[in-house]
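Residues take their numbers from the sequence shown, with the count starting at 1.
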Amino acid sequence: QVQLVESGGGLVQAGGSLRLSCAASGSIFSINAMGWYRQAPGKQRVLVAGINSGGSTTYADSVKGRFTISRDNAKNTVYLQMNSLKPEDTAVYYCNARIAVVAGGVRDYWGQGTQVTVSS
């Protein structure tokens, strides 16, 4: 089984920064892509940022210029650097990874979620 473990969430004042981490472990053959999603109360889960195996990135319009996604392939880890945080960034942030497992097959895995709260 594959596990994704998230860390780095917390409470921060508007204009501040946080860095989220997500580490994948288990019987991993390869990681095709990793990304970050978020879900605010009463809202749908939406993509914040993604990065594929070739290093190409994508961002939601609402976070462009403020958030940066990166990866460390040796550690099977993806990061989300969040700067100039706004109250509307408040949400539970979920890590996602599309993983080919050693036993065969490809599927999406999700982290447990980490709360990010931005105060005004």
Side-chain angles (χ1 to χ4, degrees):
Q1 182 77 347
V2 172
Q3 299 263 28
L4 302 184
V5 179
E6 302 177 26
S7 62
L11 175 65
V12 67
Q13 198 170 43
S17 298
L18 286 173
R19 181 175 167 89
L20 306 183
S21 299
C22 174
S25 62
S27 55
I28 298 169
F29 182 78
S30 64
I31 300 178
N32 300 131
M34 301 185 81
W36 291 95
Y37 292 71
R38 69 186 182 191
Q39 187 167 207
K43 302 291 187 179
Q44 295 183 105
R45 187 175 299 185
V46 297
L47 177 69
V48 176
I51 185 166
N52 67 15
S53 59
S56 296
T57 59
T58 186
Y59 296 93
D61 288 341
S62 59
V63 307
K64 282 183 178 177
R66 300 188 297 120
F67 291 9
T68 303
I69 188 169
S70 61
R71 64 182 184 181
D72 185 334
N73 292 331
K75 297 179 179 179
N76 287 332
T77 299
V78 65
Y79 306 94
L80 186 67
Q81 179 66 47
M82 304 185 294
N83 299 325
S84 302
L85 282 162
K86 305 174 181 179
E88 50 262 47
D89 295 318
T90 295
V92 177
Y93 284 70
Y94 296 92
C95 178
N96 171 268
R98 180 158 292 174
I99 294 175
V101 299
V102 171
V106 179
R107 62 169 289 181
D108 284 354
Y109 293 86
W110 292 91
Q112 80 279 8
T114 184
Q115 178 70 48
V116 171
T117 302
V118 184
S119 62
S120 59

Exercise. Is Y59 reaching over with its side chain to a backbone N or O of I69, donor-acceptor style, under 3.5 angstrom?
Worked result: yes
Exercise. To the nearest 0.5 Å, what is the distance between OG (S25) and NZ (K75)?
Worked result: 14.5 Å
Problem set entry | Sub-4.5 Å side-chain heavy-atom contact between V78 and I31 | no
Problem set entry | Exercise: identify the closest heavy-atom pair between A100 and V106 | CB-CG2, 3.9 Å
For this session: Work out which heavy atom in M34 is nearest to a heavy atom in T77; give both atom names and the distance.
Result: SD-C, 4.4 Å
Problem set entry | Exceeds 12 heavy-atom contacts within 6.0 angstrom, atom CZ of R98 | no
Problem set entry | Minimum-distance pair of heavy atoms, taken over all atoms of L18 and G10 | CD1-O, 4.0 Å
Exercise. With a 4.5 Å heavy-atom cut-off, do Y79 and D72 have their side chains touching?
Worked result: yes
Problem set entry | Smallest separation among heavy atoms of S120 and A14, with atom names | CA-CB, 4.3 Å
Seminar exercise, completed: Distance col, row N52:CG vs T58:OG1, nearest 0.5 angstrom, shows 10.0 Å
For this session: Following the transitive rule for hydrophobic clusters with a side-chain heavy-atom cut-off under 4.5 Å over Ile, Leu, Val, Met, Phe, Trp and Tyr, establish whether F67 and V118 coincide in one cluster.
Result: yes
Seminar exercise, completed: Test side chain to side chain contact (heavy atoms under 4.5 Å, CB included), reference V2, set V102, N76, I99, output is I99
For this session: Determine whether Y94 and V48 fall in the same hydrophobic cluster, where Ile, Leu, Val, Met, Phe, Trp and Tyr are linked whenever their side-chain heavy atoms lie under 4.5 Å apart.
Result: no
Exercise. Are any of the side-chain heavy atoms of Y37 and V92 separated by less than 4.5 Å?
Worked result: no
Problem set entry | CD/Q115: more than 12 non-hydrogen atoms of other groups inside 6.0 Å | yes
Exercise. Between K86 and D89, is there a salt bridge with N-O shorter than 4.0 Å?
Worked result: no
Exercise. Are N96 and W110 close enough that some pair of their side-chain heavy atoms sits under 4.5 Å apart?
Worked result: yes
For this session: Please name the pair of heavy atoms, one in L47 and one in A60, separated by the smallest distance, quoted to 0.1 Å.
Result: O-CB, 3.5 Å
Exercise. Quick one: does S62's side chain get under 4.5 Å of R38's, heavy atoms only?
Worked result: yes
Exercise. So, E6 side chain and G113 main chain: donor-acceptor pair closer than 3.5 Å or not?
Worked result: yes
For this session: Without swapping roles, check the side chain of T57 against the backbone of I51 for a donor-acceptor pair under 3.5 Å.
Result: no
Exercise. Atom OH of Y93 and atom CG of L80: how far apart are they, to the nearest 0.5 Å?
Worked result: 7.5 Å
Exercise. Can you tell me if R71 uses its side chain to pair, donor with acceptor, with the backbone of S53 under 3.5 Å?
Worked result: yes
Problem set entry | Minimum-distance pair of heavy atoms, taken over all atoms of V101 and Y109 | CG1-OH, 3.3 Å
